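Just so it is clear: chains get the letters A, B, ... in the order the sequence lines come, proteins before strands, and each one is counted from 1. Quick caveat, the model's predicted, so the values are computed rather than measured.
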Amino acid sequence: MALTGVQIYKFLPKTNCKECGFPTCLSFAMKLAQRATELGACPYVSDEAKSNLEAASRPPVRLVTVGVGEKKIEVGNEVVLFRHEKTFVHPAGLVLRVKDSDADAVAKAKEAAAYSVERVGINMYLDGIAIENDSKDAAKFAKLAADVKAATDVALILMSSDTAAMKAALEKVGEDKPLIYAATADNADAMIELAKKYSCPLAVYGNGLQEVADLTEQAAKAGVEDLVIDPATRGYADSLDALTQIRRLAIKKSFVALGYPVITFPGEGAESIDDEAMLAGMHIAKYASIIVLDNFSPAVAYPLLTARLNIYTDPQKPIQMAAGVYPLGDPKADSVLCVTTNFSLTYFSIAGELENSGYPSHLLVCDTEGLSVLTAWAAGKFDAEKIAKAVKEFKLPDTLSHKKIILPGGVAVLKGDLEDELPDWEILVGPREAMAIGSYLKQNWS
Amino acid sequence: MSKFIATQAITGAHQTIEKADKMYKEALAKHGPDAVIEFKDSRGGPTAFHVPLIYGYTGIIIEKLGDLEKPLELAKSLLPPTPSEHLWVPYLGETLDSGVATLYAEEIIKSIEFVNGTQPEVKGDFTYNGPIDDSQMRGWGIQLVDGRMPGFAAILGCAKSNEVAVKIVRECQSKGLLVFLAGNNNGRSVVDQLREEGVEMGYDTFIVPFGSDTEAIVYALGFATRAALSFGGVDAGDYRRILLYNKFRCFAFALVLGDMGPVDWATGAGAITFGFPAICDTQVPNILPTGVTRYEHVVSMPFDDIPGKDDMERAEKLVDKCVEVRGIKVKIAKVAIPNSFGPAFEGEVVRRANLQAEYGSKAGPAVEMLEMHDINDIEDGKFEVIGPDLDDLKEGDKTYMAIKVDVAGRKMQKDFEPVLERQIHHFVNGAEGVQHQGQRDITWIRISKGAFEKGFRLKHLGDILHANLHNQFGAIVDKVQVTVITDEKKVAEFLEHAKEVYAERDLRLAGITDDSVDTFYSCALCQSFAPTHICVINPERTGLCGAYSWLDCRAAYEINPTGPNQPVPKGKLISQEAGEWEGVNQFVLENSQRAIDRFTLYSVMDAPCTTCGCCECIMMIIPEANGFMVVSRDDYSETPCGLKFTTAMSDVGGGAQNPGMMGHGKRYVTSDKFISAEGGIKRLVWLSKNIKEELAEELKEAAIAAGDPDLIDKIADGTTATTSDELMAFLEEKGHPALTMDPII
Amino acid sequence: MPSVEIPLEKWTGQVHQVTLGAGGRKTVTVGGENTLPYLHFDGTIPNKTAVAIEIQDIAPADWSPTLLKAWGDVVNDPATWAKKAVEYGAEAILLNLKSAHPDEGNTGIAEAKAVTDKILSAVDVPLIVIGTGVADKDNEILPAVSEAARGQRIAIGNCEEKNYRTVVAVCIADGHIAIPSSPVDLNLAKQLNILLTDAGLPIDAILMDPTTGALGYGLEYTYSVMERLRMAGLGGDKLTAMPIINNVGEDAWKQKEAKVAQGLPESWGDMETRGIIWEEQTAISLMQAGSNLVVLRHPQSVAKVGAAITKLMG
């Protein structure tokens with residue numbers, strides 16, 4: 001049974017010293033109860049409190065960092081099995097694998113690492129490059145690692161079962177904290193040593209969950225706790241089973257030996273590029289933390305990054321569009337002007353309908369803190385004053401040849417107020433549902 | 001149960017069965033048992049449902065004459081003995097059995113007539129329709145069960161005059177009802193009357209003449225049976241479901257014109273089993289509600305006694321009564337005003353330059369009030385204007401007005417009056433060129449020149465309110481009558497009356513307490529983003545968003561029984577102090593995706609109510625002060641717990657139970673039940689300034705009730721303390737009671 | 001050493017099993033599982049997710065060039081189109097009565113009935129017919145469609161609170177399946193299911209449509225509502241345990257990403273590939289949330305998604 005904030009509070013120093021980063025001991029306790037911070041953040045916590053708060057002191061899935069700097073991959077710290085329960089916290093890292101037997105490896109890595117695409121104001125990119133020692137040649141492996149490091153700024157994964165090759169590569173790129181892939185039953189001692197020596201996160205590969213758990217325990221005992229696990233499942237059904245079971249054990253049973261992020265290789269279980277993308281998509285939805293792809297092209301990367309963005313959106317904090325005027329279907333100065341809120345779903349609904357309406361349009365998006373039309377209106381965040389301010393801020397009187405603006409039908413009540421705010425404008429009231437905007441324009445826009 | 005009716009019905013049943021029995025024997029002798037029976041209408045349209053009522057009721061398939069043996073025996077077995085003159089135990093069941101037996105017999109008679117070649121009936125140069133065929137049944141049946149057609153009227157007998165007959169039929173049609181005709185009085189019938197007046201009958205005109213005898217009305221019940229078999233997914237033989245289906249989905253009634261004989265009564269008893277009541281235009285005993293039909297079973301309305309200036313008005317009222325007794329809801333497709341109407345006009349402002357007339361505000365009082373009345377005292381759709389209308393005013397005139405809305409409804413309750421009254425604002429604003437503000441006696445209405453030029457007059461306020469109250473609140477409102485008063489003296493009189501009613505209402509609302517009701521209501525509106533959150537709303541604690549009171553939820557439930565507001569039976573009390581009931585806990589468990597198993601309504605420390613994210617206020621424990629703070633959504637200041645409202649929301653929102661923290665509506669602070677488990681308002685150590693100001697009066701009363709009249713001054717706010725240290729200093733200085741109360745933790 | 005014991009999730013409820021097709025047509029059965037999607041170790045999954053292909057009664061005016069290229073001339077004749085779709089692996093055909101929409105030609109009862117007849121005789125797989133979404137219009141044409149397909153157990157949609165009575169009445173009368181559609185909301189979905197069953201529709205004659213948001217266009221909302229519906233249903237609530245139909249193709253191919261060829265950032269990549277992947281990603285994601293029947297538009301996605309489903313069945 002998880003402790004409540006008030007129960008945790010009883011064990012805290014109650015000094016409100018703020019050194020944990022929270023304003024009061026109580027607010028720190030509330031965050032601990034949600035497993036959103038660690039007990040270690042309190043410098044004054046007593047041993048007695050520590051032992052009493054064991055359960056609250058460790059997130060069920062360990063937070064692991066791969067790489068350094070701005071583009072490091074942070075994964076883990078997940079607290080739920082289903083995104084609607086709270087949120088999925090750290091988006092899965094998407095990584096491209098290159099092989100040291102491939103002459104174009106550096107070029108491929110460079111292209112992938114340089115890729116970025118923007119969506120709803122968020123810049124999305126691939127998170128890393130995995131370098132595989134396919135040649136079985138330690139020098140080639142180390143050289144490719146060094147070359148990729150030089151050519152890119154993303155996190156690295158070093159893939160070799162040969163500890164000598166791994167060591168050679170770590171000598172070149174170890175300071176960048178690459179993920180060492182992987183410790184197996186055969187090489188665990190040596191790999192753990194390397195991870196320790198270079199302070200790098202370590203992946204463990206085991207056939208079946210028991211073998212994985214044994215390996216993580218061995219590593220943890222040796223002091224290597226930044227672990228990523230690979231249960232060696234490569235297909236749809238077996239990987240779904242393993243990923244689900246690992247997350248379930250971690251969250252529901254606080255099973256420490258499997259309380260680590262999981263790495264998957266959808267390309268190894270796929271028959272085509274589409275297939276690899278679908279398997280990766282399934283892994284995004286179902287609990288993978290690092291996904292290593294074997295193919296890169298923008299037409300595949302963009303949908304996958306979007307899928308990740310969707311699944312990892314906080315269900316209680318909707319994605320917001322940036323306020324502004326969005327052109328839909330190449331609008332001119334005399335084209336339709338509609339106004340809406342910056343809740344992404346609201347925006348997409350109306351933008352989609354406008355684009356399909358045959359009427360090129362300007363869509364004015366007001367900052368309503370991510371609330372939909374009616375909710376924003378009820379909360380006083382979408383009123384005439386705000387709309388008028390946005391109309392002026394985005395210079396619509398200068399860029400448009402008309403002065404007509406279409407309000408969402410749900411907020412018809414704003415018409416009068418908006419007439420007061422924008423005295424020389426004609427305020428039109430559109431339909432309540434986005435779906436009806438096409439018909440509405442046919443009848444009302446001339 | 002009237003002995004008269006029971007005796008009549010049972011006698012009628014005996015007569016009909018005897019007739020059927022005799023006809024059967026004769027037909028058998030003449031045609032043999034293999035003679036084919038097929039129900040067809042006058043154009044030859046067939047049915048796949050055999051002899052439908054018998055098929056539906058019993059599952060017996062009749063294809064040949066000999067197949068009638070079985071239902072005939074069944075009918076006989078249902079027959080009770082004729083009541084004796086001297087001894088009678090009135091029993092509804094036996095009358096209804098007689099009715100069913102009669103329907104069987106009537107259908108048997110019609111079957112034999114088909115074998116004899118005398119169905120559909122031909123009388124002179126007129127061919128009756130006979131039964132409705134399957135293709136027409138499908139066309140109409142879909143519309144009956146999906147509500148596009150409100151129901152059907154089965155009219156038996158003959159009206160007082162041809163004009164009355166036509167008027168009755170036209171009234172039914174104007175309400176969208178199908179009209180089925182059968183029976184006669186001394187050889188004359190409504191069918192004859194309509195023919196004489198040149199009224200076309202047939203499927204195209206929605207008037208179907210079944211036949212000239214009473215037995216022919218069984219075709220209406222065969223039609224209803226087939227609708228249930230087709231569209232209700234009911235199996236033949238499952239009579240119970242056929243009858244229930246018709247009771248709840250097929251809004252039909254029998255209108256019996258003229259004197260009734262035993263066979264009429266027996267047939268009527270059969271119709272009652274379908275939930276179809278009978279309304280008679282002669283003096284007969286009434287049968288009041290017992291549950292077989294929705295309301296009354298038999299209603300007597302002797303035609304000449306119906307109040308009204310002439311027979312036409314009496315006919316209209318007769319049909320109105322039928323509609324009311326069957327519980328038929330009439331939808332009004334369009335608000336009949338000369339200017340446009342719709343939600344798009346709600347935000348319109350009528351400006352001075354465009355002002356035709358203004359009522360209320362500085363010009364004098366404008367008042368609006370909605371009251372419920374007995375259903376017989378209200379005339380639906382009656383609009384009256386007392387005093388000068390818009391034409392009598394000069395452009396731009398300002399004056400006074402009273403809008404008196406009188407409603408009645410079988411399910412209307414006194415407590416719903418304010419709920420409906422608040423809608424007046426919303427409805428009136430929907431008219432193009434009409435602006436409405438305020439409510440009660442601070443109403444303010446402006447009418448634009450444009451609306452006036454298009455023909456808008458005060459009467460149209462009646463159209464607007466009538467149509468919208470019916471369409472949106474039809475579940476509780478059956479009749480709406482609107483009076484617009486502009487006569488100065490009468491407005492003043494009405495205002496006095498309205499003020500009394502308002503005062504009475506406020507008093508009554510205050511009297512509804514958690515202890516005085518046995519049902520609370522839920523609200524699940526926010527589960528879309530907070531899946532495990534459920535609001536339980538009690539009279540002394542509004543929804544945490546402040547938008548839904550217990551009364552609102554109750555009305556919402558009556559209007560939409562499958563909607564987001566559901567009744568929560570309190571069940572057994574577990575703790576008065578904490579406000580915990582077994583029924584509430586059970587409901588919460590079942591409606592929170594089984595995430596939460598306990599709710600206390602008056603505690604913040606033990607199983608407090610969850611919060612979706614819409615709350616007006618957040619309460620948080622301040623352990624060092626041994627009390628709680630309440631911060632409002634409109635308060636952007638820092639607070640002594642270190643969290644602003646928005647930051648605190650991320651901890652409290654989302655539907656998780658978080659002892660020590662809770663979201664709530666602002667009025668909860670002044671409730672008698674405010675955290676009574678923790679000691680009530682005396683635990684309140686910090687309260688947002690804006691709430692202190694807004695609820696100053698109520699807070700003062702609550703402080704007095706708590707025995708500490710100066711309490712409010714001892715509670716800190718954003719101007720006196722925004723840190724824990726400042727708060728403690730303030731509380732010490734003022735001697736706040738929480739400091740010396742039992743420790744919370 | 002820590003011993004791994006897999007905690008099993010034993011649900012008390014199961015998804016209702018619904019069979020499309022009767023009266024000599026092929027049948028497709030969906031639902032019946034007593035576990036979350038494809039978790040074979042937790043329970044039994046008697047039926048896989050079915051794949052249907054959407055066709056329209058008129059040549060689509062606003063479809064992506066990628067789709068039009070893939071289908072070629074067959075879009076000009078619904079019957080030929082349907083046959084081709086079956087060749088491409090459609091287990092059912094979804095017929096969209098596009099031409100009946102008041103803005104798209106406003107065809108009536110006769111046309112709706114004729115095209116239904118035509119498709120029914122052209123192919124032997126189950127049929128799903130979707131109306132215009134304009135309640136009054138659907139109340140007019142769907143009864144005719146229903147009658148034309150009497151006894152063949154087609155699915156008819158969509159029905160909403162304002163027109164469910166008509167659709168339910170004809171589904172009961174003619175032995176079909178109704179598709180209630182609710183706007184991405186668990187409670188509204190359940191409420192509609194209550195209304196449908198209260199009106200006499202058997203519980204195994206409902207396929208529910210929670211409204212499909214494509215990848216990047218509300219996918220996460222659909223995903224979570226489906227996951228919650230499924231968990232509520234498995235938890236024993238019979239009124240949320242209906243199998244789920246997702247019209248993936250319609251929403252995925254309507255988006256700019258799948259449709260627009262020019263003026264896009266280079267980082268979006270090849271249009272044709274992107275469009276197909278967009279549809280496939282939407283499908284695979286929603287299958288993880290409980291989709292029992294996915295409706296697709298592109299032949300390649302049908303093949304690839306179909307193959308993935310086979311592998312998920314183990």
Side-chain angles (χ1 to χ4, degrees), chain A residues 2-10 12 14-16 18 22-31 33-34 36 82-87 314-318 369 371-372 375 377-380 384 407-420 423 427-432 440 444, chain B residues 342-351 426 429-430 435 437 526-532 545-547 593 595 604-608 612-614 620-624 633-634 638-644 646-661 723-725 744-745:
Chain A
L3 296 177
T4 68
V6 172
Q7 285 166 323
I8 294 171
Y9 173 81
K10 290 181 195 166
L12 297 179
K14 308 181 186 67
T15 52
N16 295 347
K18 304 183 178 57
F22 296 93
T24 60
C25 291
L26 184 74
S27 54
F28 177 58
M30 293 286 181
K31 289 288 176 204
Q34 297 164 21
F82 303 100
R83 61 180 297 281
H84 64 256
E85 291 174 323
K86 191 146 183 81
T87 178
D314 183 343
Q316 283 157 38
K317 279 193 207 117
E369 299 170 28
L371 298 179
S372 62
T375 322
W377 170 73
L407 275 179
V411 290
V413 288
L414 294 181
K415 185 179 186 225
D417 292 348
L418 194 54
E419 281 168 355
D420 290 342
I427 315 298
L428 303 171
V429 177
R432 290 179 74 88
Y440 172 85
N444 296 287
Chain B
F345 301 106
E346 265 178 53
E348 247 188 342
V349 173
V350 176
R351 284 162 217 289
H426 173 63
N429 253 341
Q435 183 188 356
Q437 288 190 321
C526 293
Q527 287 198 341
S528 51
F529 63 92
T532 61
C545 58
Q593 299 212 317
V604 59
M605 294 305 291
D606 178 28
C612 41
C614 309
M620 278 199 65
I621 182 173
I622 309 265
E624 54 272 31
R633 182 178 285 274
D634 301 322
E638 296 289 342
T639 76
C641 74
L643 306 174
K644 289 187 187 186
T646 45
T647 328
M649 183 54 86
S650 69
D651 286 332
V652 77
Q657 215 161 30
N658 218 337
M661 284 185 92
T723 66
S724 172
D725 293 343
I744 310 176
I745 296 187

### Query
chain A: which of B:Gly342, B:Cys641, B:Gly660 shares the most heavy-atom pairs with it under 4.5 Å?
B:Cys641
### Task
With rounding to the nearest 0.5 Å, note down the distance linking CG in A:Leu26 to CE in B:Met620.
5.0 Å
### Task
Drop me the distance from A:Thr24's OG1 to B:Leu643's CG, to the nearest 0.5 angstrom.
6.0 Å
### Task
Could you check A:Leu414, A:Val413, A:Val429, A:Val411 and say which one makes a side-chain contact (heavy atoms from CB on, under 4.5 Å) with B:Glu346?
A:Val413
## Note on the structure
Shortest non-hydrogen pair, A:Val6 vs B:Pro659, comes out as CG2-O, 3.2 Å
### Query
Do you know the tightest heavy-atom contact between B:Ser724 and A:Asn16?
OG-ND2, 3.9 Å
### Summary
Here the gap from B:Arg351 atom CZ to A:Asp420 atom CG, rounded to the nearest 0.5 Å, amounts to 4.0 Å
### Task
Against chain B, work out which of A:Lys31, A:Lys10, A:Lys14 has the most heavy-atom pairs shorter than 4.5 Å and name it.
A:Lys31
## Note on the structure
Okay, A:Phe22 and chain B: the region with an atom under 4.5 Å from a heavy atom over there is neither
